[in-house]
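Remarks on the structure that follows.
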Amino acid sequence: AKASGAMPDPNGPQGGREWSGLGYTGTLLSHCTHITEAMAKPGDYAVFGPFPGHHVVTLVERVGSDWKVASHGQDSDPRYTTLSSEQSYQPSPTTFLSAF
């Protein structure tokens, strides 16, 4: 998110410092604005699982009724896939968050 120019840090000011690297899915869920999928735009996030969240992807591009997403978390990432594919094996619910 920092490289994309998102300001302020979507994880919130950890200890009064922006972009401290201390954020995780729980801080995104606590500090970002919760939105509906219909309101989502490229650059927003989808978090899977109940609080504090299990995994997060960045929404890249809407394709019909689905999204292309960038998934991070493995050494070989980022991996580009679809939201529906991620939802097929990630825990519910899916929470959409505004990055801006």
Side-chain angles (χ1 to χ4, degrees):
K2 181 178 182 180
S4 70
M7 285 300 218
D9 181 350
N11 286 293
Q14 305 298 312
R17 297 171 299 189
E18 293 288 322
W19 301 106
S20 65
L22 299 176
Y24 69 107
T25 54
T27 54
L28 286 172
L29 286 165
S30 294
H31 291 97
C32 291
T33 301
H34 291 231
I35 58 173
T36 66
E37 182 178 1
M39 295 167 64
K41 299 178 292 224
D44 289 340
Y45 309 112
V47 176
F48 303 100
F51 188 86
H54 176 74
H55 184 62
V56 63
V57 297
T58 303
L59 304 176
V60 176
E61 176 184 16
R62 187 177 285 281
V63 180
S65 62
D66 206 353
W67 281 92
K68 286 185 182 179
V69 299
S71 179
H72 303 272
Q74 304 294 324
D75 288 339
S76 60
D77 289 345
R79 179 176 53 87
Y80 297 94
T81 185
T82 62
L83 180 64
S84 60
S85 175
E86 287 283 321
Q87 287 174 315
S88 72
Y89 63 88
Q90 296 289 352
S92 295
T94 302
T95 304
F96 293 89
L97 304 172
S98 175
F100 306 101

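By convention here, the first residue in the shown sequence is residue 1.
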Find the distance between NZ (Lys41) and OG (Ser98) and round it off to the nearest 0.5 Å.
5.5 Å
Return all side-chain donor-acceptor pairs below 3.5 angstrom for residues 49-66, not counting sequence neighbours, or 'none' if the list is empty.
from  : atom 1 : to    : atom 2 : distance (Å)
His55 : NE2    : Ser71 : OG     : 2.8
Arg62 : NH2    : Glu37 : O      : 3.1
Asp66 : OD1    : Ser84 : N      : 3.1
Asp66 : OD2    : Ser84 : OG     : 2.5

Backbone N/O of Ser85 and side chain of Ser88: donor-acceptor pair under 3.5 Å
yes
After noting the C-alpha distance and the side-chain angles of Tyr45 and Leu28, does the key distance pass the side-chain contact (heavy atoms from CB on, under 4.5 Å) rule?
CA-CA 9 Å; Tyr45 309 112; Leu28 286 172; 4.2 Å; yes
Which distance, rounded to the nearest 0.5 Å, do you find between the CH2 of Trp67 and the CZ of Phe96?
8.5 Å
Out of curiosity, does Met39 fall in the hydrophobic cluster containing Val69 (side-chain heavy atoms, cut-off under 4.5 Å, transitive links)?
yes
Taking the side chain as C-beta and beyond, is there a heavy-atom pair between Thr33 and Leu97 under 4.5 Å?
no
For Asp44 and Ile35, what are the C-alpha separation, side-chain angles and deciding distance, and is it a side-chain contact (heavy atoms from CB on, under 4.5 Å)?
CA-CA 9 Å; Asp44 289 340; Ile35 58 173; 3.5 Å; yes
